[in-house]
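By convention in this document, chain letters (A, B, ...) are assigned in the order of the sequence lines, proteins followed by strands, and residues within each chain are numbered from 1.
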Protein chains: 2
Amino acid sequence: MNLDERKKKILSSVVEDYIESAEPVGSKTLVEKYHLDYSSATIRNDMKILEEEGYLEQPHVSAGRIPSTKGYRYYVDNLMKERKLSMVEIDYINSTINGFGDVDDIFEQVADVVSKVLSTPTVITRNNTDTIEHIKVVKISDKLLLIVLMSKNGTVKDCIAKLTDVVEDNVIDQMTNILNQNLTGTPLKELHLVLNNVIKKDLKAFSGVMEEIVNSIKYEMSKDLKKLNSGVEQILEKPEFSDVQTIKNFVNMISTKEIIDSALEKSNNNKLSIVIGSENKEVLLNDYTVISLDIEKDNKYLGKLSVIGPKRMNYAKTISTLKYINEKFNNTLKLNKDSKAKGDYSEKRRD
Amino acid sequence: MNLDERKKKILSSVVEDYIESAEPVGSKTLVEKYHLDYSSATIRNDMKILEEEGYLEQPHVSAGRIPSTKGYRYYVDNLMKERKLSMVEIDYINSTINGFGDVDDIFEQVADVVSKVLSTPTVITRNNTDTIEHIKVVKISDKLLLIVLMSKNGTVKDCIAKLTDVVEDNVIDQMTNILNQNLTGTPLKELHLVLNNVIKKDLKAFSGVMEEIVNSIKYEMSKDLKKLNSGVEQILEKPEFSDVQTIKNFVNMISTKEIIDSALEKSNNNKLSIVIGSENKEVLLNDYTVISLDIEKDNKYLGKLSVIGPKRMNYAKTISTLKYINEKFNNTLKLNKDSKAKGDYSEKRRD
DNA sequence: TTTAGCACTTAAAAGTATCGAGTGCTAAAT
DNA sequence: ATTTAGCACTCGATACTTTTAAGTGCTAAA
């Protein structure tokens, strides 16, 4: 596992050249483009050793070398240099994320920007360890209720329940109380289960009304938290997508919820997770790399931002972009709720 | 423009065979597969005339014929037979559209189903002639307001405004009144203009608070009303997408907002609009057909549902699917608001 | 340990040959 | 006047062959 300096230089040059050119890298290229003060024959010998050790691969005998998964991994863990974002990139990010809307909206904006800066598809996943903090029911008209769900980490979700009959105001207040008593502290993930219990316990008292509300909440929560933010147009321009089958597989892969789920699952235990090529459990992802960063604000987990691209992606740029976004969340973005607002609900309800 | 019976039969057979097979149709195929009681030579003569008249095209001299835009147009206007949806299709549609959520949600479900049934991308556009009927501002916590916009046709939209300072309840009531006085009846399309005026007139009185609210509303309204509901995976399996350039162009086209806008604009004056190939103003759409249907309920325009596919799409099936959806809106789906609820706002406001 | 030199391998590009589906036209048949 | 059999012709598609060039691995010398 310990490579001498020259081999390290060769490996990192191969990785970087291949990331840039998408062409297998030959010994001559290395000598000329990178400043390796050795002859091409020497480099060739080293490359052969690097191949035998599993860091490089050769598409065919008369081609240059490309990095293997192990090669990328070594590069990412040991050789990669940090890359600062350029002012242009920073300006672009800052001017596009305006901070309007709820946390979901902002996440969507972020994913959009990231996919543009990196020319690669971006997946966002929102917080799923969050819990319900408070529920509010607002009567919009006689047969229309707006249900607002506020979570501990500051997300606000709302949905509309259509009633079949007119309901008295005090009934709504009673129901709101029931919902709050039963649901406060419930993880969003488990909300549907708890709601089933609520129905069983209290349905009789309020007949169809509660059922409507519960159904609406369930539907709202079932809407997919994972969104794929395009960038597909852009990735298709990359040279690895020059044959029809690759494109089809990629488009299929990226539209298959299960695959995206599996990709994101793997990264659960690390703040910054990099899963390269065949390190992905899912076979269809074996030619791709998934980089995810947990987005946090004030030590609260807001969600995961993931980038899916070819193995040959710009690792340094991707990572620094994600980190910058996380920084931005902590330093400049104000979110829906600041900590001082906590606990206000019970005292000052107006409805 | 008047074709004799035999030529009509030939044209419709060419169109239908080509829709099915995606291969240029030759005279022999026509004689054998369709029951044309003439020799292939006779058919060839007629095909030549149909080509001279512009209904058919020949990719190259030793190939069969494919329909031209004019040919498809004649087929759609004069020859196409109505096609009833199969029970399987109807069941699938009915079981997938559950009617939960607001009108936007239902439209999204519908687009999803349609793209699956037709194996082709579907675009939905929501109502943009609708007007504001009533605005409600709900205080969620000290520094968080929920603004609910109700439109005349029953859409409910809402957004969240984050305040920098705590605001008194009566101030919120005053602001709500101002908003309602100024905005009731405003077309959603023009909302941002009117909001600018509101800021100018009333900003001084309520400083930053109103600005926050107005910005939130603006942002919410600026979110794209047009959504592209995938189906891209499926369309790529069709034989016209067998070369990389076609796929890239298509993916680019379909991700370009301006192109989609232009496609939908054209259909503005008809309930059912069919724009075939080169009839599309936008050059990039010249190989595609856009079919749109205005969705209405109780004579209220809810939005437009559009399907984008290759010229070689199943016109009859597409049209009958769209019509079935419209019917479904009228017969079985209940929406947020029924007409009786109208006018309730002013009398019974609880806030 | 490094390097010059060279034979060798192979994918990709360019060129060539063959095949066959489908045509248009002519002349004969209805 | 209309229809049809017959046939030469065209041209894309497919398969096969040749050429080219990039890059290697090995050997022997520095």
Side-chain angles (χ1 to χ4, degrees), chain A residues 3-11 13-14 17-18 20-68 71 239-240 242-246, chain B residues 3-11 13-14 17-18 20-68 71 239-240 242-246:
Chain A
L3 300 175
D4 63 45
E5 282 312 307
R6 193 173 61 207
K7 291 201 185 64
K8 284 184 185 170
K9 179 79 179 133
I10 291 174
L11 179 54
S13 300
V14 170
D17 197 81
Y18 186 64
E20 200 195 306
S21 73
E23 297 288 333
V25 188
S27 52
K28 223 175 126 194
T29 314
L30 287 178
V31 174
E32 283 165 11
K33 265 181 76 173
Y34 303 83
H35 309 91
L36 293 165
D37 272 342
Y38 295 93
S39 75
S40 64
T42 309
I43 307 298
R44 272 205 292 285
N45 289 335
D46 274 3
M47 285 170 95
K48 202 183 174 213
I49 295 167
L50 283 168
E51 186 179 359
E52 282 161 7
E53 306 258 328
Y55 296 100
L56 295 179
E57 284 170 358
Q58 208 172 13
H60 56 87
V61 76
S62 71
R65 300 302 204 299
I66 61 176
S68 66
E240 30 271 277
S242 61
D243 78 295
V244 176
Q245 203 49 54
T246 308
Chain B
L3 301 176
D4 63 43
E5 283 310 308
R6 193 174 62 208
K7 291 201 184 63
K8 284 184 186 172
K9 179 78 179 134
I10 291 174
L11 179 54
S13 301
V14 170
D17 197 80
Y18 186 64
E20 200 195 307
S21 73
E23 297 289 333
V25 188
S27 52
K28 223 174 125 194
T29 314
L30 286 178
V31 174
E32 283 164 10
K33 264 182 76 173
Y34 304 83
H35 309 91
L36 294 163
D37 272 342
Y38 295 93
S39 75
S40 65
T42 308
I43 307 298
R44 272 205 293 285
N45 289 334
D46 274 4
M47 285 170 95
K48 201 182 175 212
I49 295 167
L50 283 169
E51 186 179 359
E52 282 161 6
E53 306 256 329
Y55 296 99
L56 295 179
E57 283 170 357
Q58 208 172 13
H60 56 88
V61 75
S62 71
R65 299 303 203 300
I66 62 175
S68 67
E240 30 272 276
S242 62
D243 78 294
V244 177
Q245 203 48 55
T246 308

B:Lys8 bridged to B:Glu5 by N-O distance under 4.0 Å | yes

Between B:Ile49 (CD1) and C:dT23 (P), how many Å, whole number?
-> 14 Å

Between C:dG24, D:dT4, C:dC6, spot the one nearest the side chain of B:Gln58, thanks.
-> C:dG24

Closest approach of A:Pro59 to A:Pro24 (non-hydrogen atoms, all atoms of both residues) = CG-CG, 3.9 Å

Considering only C:dT3, C:dT10, C:dC25, which nucleotide approaches the side chain of A:Ala41 most closely?
-> C:dT3

Return the value, rounded to whole Å, for the distance between atom CD1 of B:Ile66 and atom P of C:dT23.
-> 13 Å

Interatomic distance where NZ belongs to B:Lys28 and P belongs to D:dT4 [whole Å] = 16 Å

Separation of C:dG22 atom C1' from B:Leu50 atom CG, nearest Å, is 17 Å

Test side chain to side chain donor-acceptor pair (under 3.5 Å) applied to B:Asp17 and B:Tyr34, step by step = CA-CA 9 Å; B:Asp17 197 80; B:Tyr34 304 83; 2.8 Å; yes

Distance-only, no hydrogens or angles: does the A:Ser13 side chain make a donor-acceptor pair with backbone N or O of A:Leu30 under 3.5 Å?
-> no

For A:Thr42 and C:dT3, is the shortest distance between a side-chain N/O and OP1 or OP2 below 4.0 Å?
-> yes

Hunt down the Watson-Crick or G-U wobble partner of D:dA28, both distances under 3.5 Å, from any strand shown, or write none.
-> C:dT3

Rounded distance (Å) that lies between atom C1' of D:dG25 and atom CD of A:Glu52 | 11 Å

Rounded to whole angstrom units, what separation is found between the CD1 atom of A:Ile10 and the P atom of D:dT24?
-> 11 Å

Could you check how far CD of A:Glu57 sits from P of D:dG23, rounded to whole Å?
-> 18 Å

Is any N or O donor-acceptor pair between the side chain of A:Ser39 and the base of C:dT3 shorter than 3.5 Å?
-> no

For DNA chain D, whose closest nucleotide is more 5', that of B:Arg6 or that of B:His60?
-> B:Arg6

Determine the contact category for A:Ser27: base if any of its heavy atoms lies under 4.0 Å from a base atom, sugar-phosphate if only primed atoms, P, OP1 or OP2 are that close, otherwise nothing.
-> sugar-phosphate

Quick one: does A:Ser68's side chain have a donor or acceptor within less than 3.5 Å of a partner on A:Gly54's backbone?
-> yes

From the options C:dT23, D:dG25, D:dC11, select the nucleotide whose nearest atom is closest to the side chain of B:Val61.
-> D:dC11

A:Arg44 CZ to C:dC6 C1', straight-line distance once rounded to whole Å = 10 Å

C:dG24 phosphate, OP1 or OP2: any side-chain N/O from B:Arg65 under 4.0 angstrom?
-> yes

Write down the partner of C:dC19 under the Watson-Crick or G-U wobble criteria, each distance required to be under 3.5 Å.
-> D:dG12

Indicate, with a heavy-atom threshold strictly under 4.0 Å, whether B:Lys48 touches base, sugar-phosphate, or nothing.
-> sugar-phosphate

Which residue lies more 5' along DNA chain D, comparing A:Ser62 with A:Asn45 via nearest heavy atoms = A:Ser62

